[in-house]
2 protein chains.
Amino acid sequence: MTGRSQWKRDCIECPLLECEGLRPLDNGQLKFMQGFKQGEFTIDKGTQSLVQGSISPHVYTLLAGVLFRYRILEDGRRQIVNFVFPGDLIGLQGAMDDPLLHGCEALTNATLCVFSRDRIVELFAEQPQLGYDLTWLAAKEESALEEHLVSVGRRTAQERLVCLAIFLIERGIATGLVKKSSLEISITQSQISDTLGLSLVHTNRTLQALRKKGLVNWSLTRISIPDMAVACDFAQYEGNAGGIRPYI
Amino acid sequence: MTGRSQWKRDCIECPLLECEGLRPLDNGQLKFMQGFKQGEFTIDKGTQSLVQGSISPHVYTLLAGVLFRYRILEDGRRQIVNFVFPGDLIGLQGAMDDPLLHGCEALTNATLCVFSRDRIVELFAEQPQLGYDLTWLAAKEESALEEHLVSVGRRTAQERLVCLAIFLIERGIATGLVKKSSLEISITQSQISDTLGLSLVHTNRTLQALRKKGLVNWSLTRISIPDMAVACDFAQYEGNAGGIRPYI
DNA sequence: CGAGCTTTTGACGGTAGTCAACTGCGGTGG
DNA sequence: CCACCGCAGTTGACTACCGTCAAAAGCTCG
């Protein structure tokens, strides 16, 4: 795990408490989490956090920033599997006995909250509601992956791009990252293509086509969708990545 | 929910207790599950169980048989998202407040164990270990979906087919469905193509090519892999769908 | 100003999709 | 009993979406 280690901020000051899209913890839960929390650390944009293949003794909650998770095949082909927004949990799979099958890279500078995987069992025993929330998060993640799978398996290149844009914007809205209906985030076309199972060149051409159609404007630093309803209709997107989520 | 309703078999007689790949429940857990269980029912091969879009008041554990889960777009395009083997949980997402985004169809005659979603909270409160197991299952499912996503996004048609075959056989072994190193199950080529994001015709041709290469033999009723090591190598498959799983 | 990354563009090729017809098999019913 | 139907699989011809290769143009940064 790379990154600069930091002080241990109190959970009462947790930045996620002010996040619109997240259901805040109650006092008892905060107190428990305070003891559960091992610390925080930040990572810089572009750096790896979890590394594929390693067994991590930790679980993390993303406090700020955006990451993405990916898997890489032996010959280098990469598939980006999902994006991680504030409040999302990382490393749960690794915590469940198995070596980590995916890596994680930061799209922006980010800060993570660290928990010990060994003590997850305590969490279930002492805070059933938090255990339930953990399952909720896992189920939601599963649902997002399913939608993603539908895109890659059955949607055309243009539809995939539109779906991804909508998904990211919905998640951005829920986590307060969207301003003036556009999401400021740097995703390279190479990353987009690895997300959608397309080649870089084709991704580029498809993006241009969508700009021309006025469906999605996606530059290196910003995503915006002029008319969300039209876009959803075009891509046959129904998923709901918004809504209130629990966390930690 | 279609299907014939049945008597309520005791959990002590649960067929899953004898399944090699599943970690059996202890007596306390069995007792709890007995009260938690609402009944059983069977569905016939080819029938729908969960229906996309509905809100189900139940969660199910598959006791016998094999199902698959899928999502359908408005215009009819279908993506099969995963296969369900004995011991797997179904409907967790629906239980977590959201309308069900996928449907479920039986590949064989199957029998399901029914639980009430309302009482899931009790489970977390009274049986933390089972709550943990639930999360474990969700995390494992997530992991399987990721691997599937890598296939559809980044593997060639031949690799995808080989991966799927390996995955199904591994799961079949773990649940005792594999005999003489071949899995007897009826999956149509149409279903395969909807799983892998390919067209029906291309799936057919790819299957033939793999038969010719001697990598995978996949007929309407049976899947077998002559040399598992060679197949794994060919498909760059590392995932581990085997291993002991918890259930319920 | 040059190095390196990202985007863009052009040309070409191949994997995979579409359309369509035909075979084989099992079940149903006249 | 056999014609008929429906489903699954197979095959051929054609198309096109998308991948690969290659090169150039913009940008950022040291």
Side-chain angles (χ1 to χ4, degrees), chain A residues 44-47 68 73 75-80 105-109 151-162 164 184-213 216-223 235, chain B residues 44-47 68 73 75-80 105-108 150-164 184-213 216-223 234-235:
Chain A
D44 293 329
K45 173 173 172 173
T47 59
F68 63 85
L73 296 178
D75 66 2
R77 282 175 282 177
R78 178 176 71 167
Q79 175 68 45
I80 293 180
E105 182 180 319
L107 276 177
T108 65
N109 293 337
S151 272
V152 177
R154 284 299 179 217
R155 281 193 247 250
T156 66
Q158 294 198 6
E159 291 169 342
R160 292 183 209 183
L161 249 330
V162 173
L164 180 59
E184 303 231 358
I185 193 169
S186 295
I187 305 182
T188 68
Q189 292 183 6
S190 167
Q191 288 161 348
I192 299 174
S193 61
D194 281 345
T195 305
L196 300 178
L198 298 169
S199 72
L200 173 56
V201 173
H202 196 62
T203 300
N204 179 287
R205 295 193 165 116
T206 307
L207 279 173
Q208 292 178 47
L210 290 176
R211 272 196 284 269
K212 207 163 290 172
K213 283 190 182 182
V216 171
N217 287 306
W218 194 328
S219 75
L220 177 50
T221 57
R222 173 203 261 68
I223 311 171
Chain B
D44 292 329
K45 174 174 172 171
T47 59
F68 63 86
L73 295 179
D75 66 2
R77 280 174 284 178
R78 178 176 72 166
Q79 175 67 45
I80 293 180
E105 184 179 319
L107 275 177
T108 66
V150 173
S151 272
V152 177
R154 285 295 179 223
R155 281 194 247 250
T156 66
Q158 294 197 4
E159 291 169 343
R160 291 183 210 183
L161 270 167
V162 173
C163 277
L164 180 59
E184 302 231 0
I185 193 169
S186 295
I187 304 182
T188 67
Q189 294 184 2
S190 167
Q191 288 161 349
I192 299 174
S193 60
D194 281 345
T195 304
L196 301 178
L198 297 169
S199 73
L200 173 56
V201 173
H202 196 61
T203 300
N204 179 289
R205 295 192 167 120
T206 307
L207 278 173
Q208 292 178 47
L210 289 176
R211 270 196 286 268
K212 207 162 292 172
K213 284 190 182 182
V216 171
N217 288 308
W218 195 326
S219 75
L220 177 52
T221 57
R222 172 204 260 69
I223 311 171
F234 173 82

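Given the structure is predicted, the values throughout are model-derived calculations rather than measurements. So that the names make sense, note that chain A is the first sequence line, chain B the second, and so on, each numbered from 1. As a basis for the values below, the full set of heavy atoms in this structure was taken, side chains included, without hydrogen atoms, waters or symmetry mates.
Taking atom CG of B/Leu200 as the reference point, atom C1' of D/dT10 lies 10 Å away to the nearest angstrom. Distance, A/Lys45 NZ to D/dC29 C1': 13 Å, rounded to whole Å. Atom CH2 in A/Trp218 sits about 13 Å away from atom P in C/dT8, given to the nearest Å. Whole-Å rounding puts the B/Arg155 CZ to C/dA16 P distance at 14 Å. To the nearest angstrom, C1' of C/dC25 lies 11 Å from CG of B/Leu220. Rounding to whole angstrom units, CG of residue A/Leu207 and C1' of C/dT9 are separated by 15 Å. Atom pair B/Asn204:CG and C/dT18:P shows a separation of 15 Å (rounding to whole Å applied). Here the P atom of nucleotide D/dG9 and the CD atom of B/Gln191 are 9 Å apart, to the nearest Å.
Evaluated for a side-chain contact (heavy atoms from CB on, under 4.5 Å) with B/Arg160, the options B/Thr195, B/Ile192, B/Leu198 yield exactly one hit, B/Leu198.
Contact annotation: B/Gln208 reaches the phosphate of D/dT11 (side-chain N/O to OP1 or OP2, under 4.0 Å). Residue A/Arg211 places at least one side-chain N or O closer than 4.0 Å to OP1 or OP2 of C/dT8. Within the structure, every side-chain polar atom (N or O) of B/Gln189 is placed at least 4.0 Å from both OP1 and OP2 of D/dC7.
Each of B/Val201 and A/Ile187 has a nearest nucleotide on DNA chain C; the 5'-most of these lies closest to A/Ile187.
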Could you please spell out the steps behind the side-chain contact (heavy atoms from CB on, under 4.5 Å) verdict for B/Trp218 and B/Leu161? CA-CA 10 Å; B/Trp218 195 326; B/Leu161 270 167; 4.1 Å; yes
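Under the 3.5 Å distance criterion, the side-chain polar atoms of B/Arg77 are matched with a main-chain donor or acceptor of A/Arg154. Judged by distance alone, the side chain of A/Asn109 and the main-chain N or O of A/Lys45 form a donor-acceptor pair under 3.5 Å.
Residue B/Ser199 is in base contact, counting any heavy-atom pair closer than 4.0 Å across all strands shown. At a threshold of 4.0 angstrom between heavy atoms, the contacts of B/Gly46 with the nucleic acid are absent. Heavy atoms of A/Leu198 sit under 4.0 angstrom from primed sugar atoms or phosphate atoms, though from no base atom.
Contact annotation: the side chain of B/Leu196 never approaches that of B/Thr203 to less than 4.5 Å [non-hydrogen atoms, C-beta and beyond].
Judged by distance alone, with hydrogens and angles left aside, A/Arg205 brings no side-chain donor or acceptor close enough to the base of D/dG19 to form a pair under 3.5 Å.
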